[in-house]
Amino acid sequence: MVRRTAKRAPGKDAVVASSIPDAVAIAGALGPWFERGHRDLPWRATSDPYAVWVSEVMLQQTQVQTVQRYWGEFLRRFPTVQRLAAADQSEVLEAWSGLGYYRRARLLHRGAQFVTEEYGGQLPDDPQALLAVPGIGRYTAGAVASIAFDRPAPLVDGNVARVMSRLDAVEDPARQPATAARHWPRVADIIAAGRPRILAQALMELGATVCTPRSPKCEVCPVRPQCLAHAQGQVDVIPSPKKRAASPKASFWALAIMWRGRLGLVRRPDEGLLAGMFCLPLVARDSMATADNSALSACLGVPVTRAAVTETSVKHVFTHRVWLLQPVLATARRKPASLPGGEALWVEAGERPRGGMPTVTEKLLAAL
DNA sequence: AACTCGTGGAA
DNA sequence: TTTCCAAGAGT
């Protein structure tokens, strides 16, 4: 959709908005707008700081729609900081399976232990104290302080960065650290000019529902009079997109080795991609040209029968790499001492390991 | 500052 | 299909 304002000659608005928009005016428009109506998200119905914390960690780089499938169940399994702190890491990863960025789950778990030991199980309301908690960075500290405790703490996420870039007509990519850096004091002024709990959520709600990356709905924007990018007819080009490097591709055989009716899974290394998660053993296709009985027997060290590739291959796209996976189903005549990638965990058909299993593993199992 | 770390949605 | 990005943190 073409924005008419982009072609309009600068008028009175451009003159009025020729300086940095006033934080008080922005806050005065945003607060009532948010209270007039907003998305009914489950974590907005609680005042439990722990529940807010969990939602903020899950929402890191993850869409609202996705988090809605996890947040409630996670809190049922781990209803308090103490219960989370006391849980096994494998339980936590299991509850996180499919959500991605699994280090968040480990850090949240460690964070709960930290809060239990250092803060008596009570999440502090001070951003500085929150920053000391594992997994809580600058954004999450501001979010918990403002949303859960109504403290005037700033927060800049992707939504807020885009909103501020447009309000102040900052052309650089919004996610660039240097760009976001200049937004923090601006957001602090806005949050402090009203009720922090309302304004923090209002800024993000505006970015998510009105001031969207493409085709923003300026005609219904409560802060259009304060928006410098709109006044300059540059809403469509501010902020500029951030380039990402091309993703390298890697091809693997994904081995589905059956032994006595069970399937062998391996736990990935403690660091790197999908750290500590259970996956099918992967063998680079560079290192094994074909996946027949003899090649697999040599690979596993035991006789293998009925090796056969599946009809369908699996493509899995990560943020900055792509895996092309060819499942190979085979039966081991004797128990392999180990599988490529580590010690085997033999599970029954349909059984899930006690630890976490990423989506890519689910996709592979579905393709068998 | 630049890079790593998952998955899914929208255009 | 490709591109961008989503309530980021840690290094």
Side-chain angles (χ1 to χ4, degrees), chain A residues 1 38-39 41-44 52-71 93 96-108 110-111 130-148 153-163 172-181 187 199-209 211-216 236 239-248 268-277 279 315-323 356-363:
Chain A
M1 181 174 74
H38 51 72
R39 292 173 297 172
L41 306 177
W43 43 90
R44 285 179 172 164
V52 173
W53 175 25
V54 172
S55 77
E56 290 302 338
V57 174
M58 286 187 171
L59 286 161
Q60 289 167 7
Q61 296 293 284
T62 306
Q63 299 178 153
V64 164
Q65 181 180 337
T66 302
V67 173
Q68 281 183 307
R69 301 198 297 267
Y70 286 81
W71 181 78
L93 288 175
W96 207 271
S97 293
L99 196 47
Y101 284 154
Y102 299 98
R103 187 171 58 162
R104 292 183 297 177
R106 302 168 188 279
L107 289 171
L108 180 61
R110 277 174 45 197
L130 286 165
L131 267 179
V133 179
I136 295 187
R138 202 175 176 191
Y139 162 78
T140 305
V144 171
S146 61
I147 296 173
L155 76 176
V156 176
D157 72 328
N159 288 313
V160 177
R162 182 175 56 258
V163 168
D172 306 299
R175 304 304 303 261
Q176 195 100 19
T179 305
V187 173
L199 291 170
Q201 296 180 82
L203 277 168
M204 291 190 283
E205 185 80 359
L206 187 74
T209 64
C211 196
T212 47
R214 289 175 294 269
S215 302
D236 295 319
S240 60
K242 186 163 173 61
K243 296 283 184 191
R244 223 188 292 244
S247 296
R268 292 182 55 81
D270 288 329
E271 298 192 349
L273 199 59
L274 303 175
M277 308 296 284
C279 192
K315 179 180 182 180
H316 194 73
V317 180
F318 297 96
T319 304
H320 58 287
R321 70 192 65 221
V322 177
W323 279 1
M357 227 176 56
T359 295
V360 62
T361 305
E362 293 284 5
K363 282 164 70 173

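This is a predicted model, so every value here is computed, not measured. Quick note on labels: first sequence line is chain A, next is B, and so on, each numbered from 1. Side-chain atoms are counted along with the backbone in the values below, which use heavy atoms only and exclude waters and symmetry mates.
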Query raised in the report: Atom CZ of Arg244(A) and atom C1' of dC5(C): how far apart are they, to the nearest Å?
Result: 6 Å

Query - Atom pair distance, as rounded to whole Å: CG in Leu274(A) and C1' in dC5(B) - result: 9 Å

**Report entry** Same-atom distance (C1') from dA1(B) to dA9(C), integer angstrom
**Finding:** 15 Å

Report task. For nucleotides dA11(B) and dA7(C), find the distance between their P atoms and express it as a whole number of Å. Result -> 14 Å

Query raised in the report: What nucleic acid atoms does Gly207(A) come within less than 4.0 Å of, heavy atoms only: base, sugar-phosphate, or nothing?
Result: nothing

Query raised in the report: Of the non-hydrogen atoms in Ala200(A) and Ile147(A), which two are nearest, and what is the gap between them?
Result: CB-CG1, 4.2 Å

Report summary line: To the nearest angstrom, the CG-P distance between Leu107(A) and dA9(C) comes to 10 Å

Query - Given DNA chain B, 5'-ward residue of the pair Ala178(A) and Leu99(A), judged by closest heavy atom - result: Ala178(A)

**Report entry** Distance-only donor-acceptor test, Thr62(A) side-chain atoms vs dG8(B) base atoms, 3.5 Å
**Finding:** no

Query raised in the report: How do Gln176(A) and Lys363(A) order along DNA chain B: which one's closest nucleotide is nearer the 5' end?
Result: Gln176(A)

Report summary line: One should read off an interatomic distance between Trp323(A) CH2 and Lys363(A) NZ, to the nearest 0.5 angstrom, of 11.0 Å

Query raised in the report: At under 4.0 Å, does any side-chain N or O of Gln61(A) touch on OP1 or OP2 of dG8(C)?
Result: yes

Query raised in the report: Does Tyr102(A) put a side-chain nitrogen or oxygen below 4.0 Å from OP1 or OP2 of dT7(B)?
Result: yes

Query - Value rounded to 0.5 Å, distance of OG1 in Thr212(A) from CZ in Arg162(A) - result: 7.0 Å

Query raised in the report: Looking for any heavy atom pair under 4.0 Å, which part of the strands does Arg44(A) touch: base, sugar-phosphate only, or nothing?
Result: base

Report task. Provide the closest heavy-atom pair for Gly98(A) versus Thr359(A) in the form atom of the first, atom of the second, distance. Result -> CA-OG1, 3.3 Å

Query raised in the report: Between atom CG of Asp157(A) and atom CG of Leu59(A), what is the distance when rounded to the nearest 0.5 Å?
Result: 9.5 Å

Query raised in the report: Is the phosphate of dG6(B), meaning OP1 or OP2, less than 4.0 Å from a side-chain N or O of Arg103(A)?
Result: no

Report summary line: Ordered by number, residues from residues 134-144 of chain A within less than 4.0 Å of DNA chain B (heavy atoms) are none

Query raised in the report: Could you give the distance from CZ (Arg104(A)) to CD (Glu56(A)), rounded to the nearest 0.5 Å?
Result: 11.5 Å

**Report entry** Protein-nucleotide distance (Asn159(A), atom CG; dC5(C), atom C1'), rounded to Å
**Finding:** 10 Å

Query raised in the report: Counting just side-chain N and O atoms, does His320(A) come under 4.0 Å of either OP1 or OP2 of dC5(B)?
Result: yes

Query raised in the report: Given dA6(C), is OP1 or OP2 found less than 4.0 Å from the side-chain N or O atoms of Arg162(A)?
Result: yes

Query raised in the report: Toward the 5' end of DNA chain C, which comes first, Val64(A) or Val133(A), by nearest nucleotide?
Result: Val64(A)

Query raised in the report: dA6(C) phosphate, OP1 or OP2: any side-chain N/O from Arg175(A) under 4.0 angstrom?
Result: yes

Query raised in the report: Between Thr359(A) and dT7(B), does any side-chain N or O lie under 4.0 Å from OP1 or OP2?
Result: yes

Requested in this report: Can you spot which of Trp96(A), Trp43(A), Trp53(A) makes a side-chain contact (heavy atoms from CB on, under 4.5 Å) with Met58(A)?
Outcome: Trp96(A)

Query - pair Gln68(A)-Val64(A): side-chain heavy atoms closer than 4.5 Å - result: yes

**Report entry** Short side-chain N/O contact to dC4(C) OP1/OP2 from Lys243(A), under 4.0 Å
**Finding:** yes

Query raised in the report: Roughly, in whole Å, what's the span from CD in Glu271(A) to C1' in dG6(B)?
Result: 18 Å

**Report entry** dC4(C) versus dC3(B) - spacing of their P atoms, nearest Å
**Finding:** 16 Å

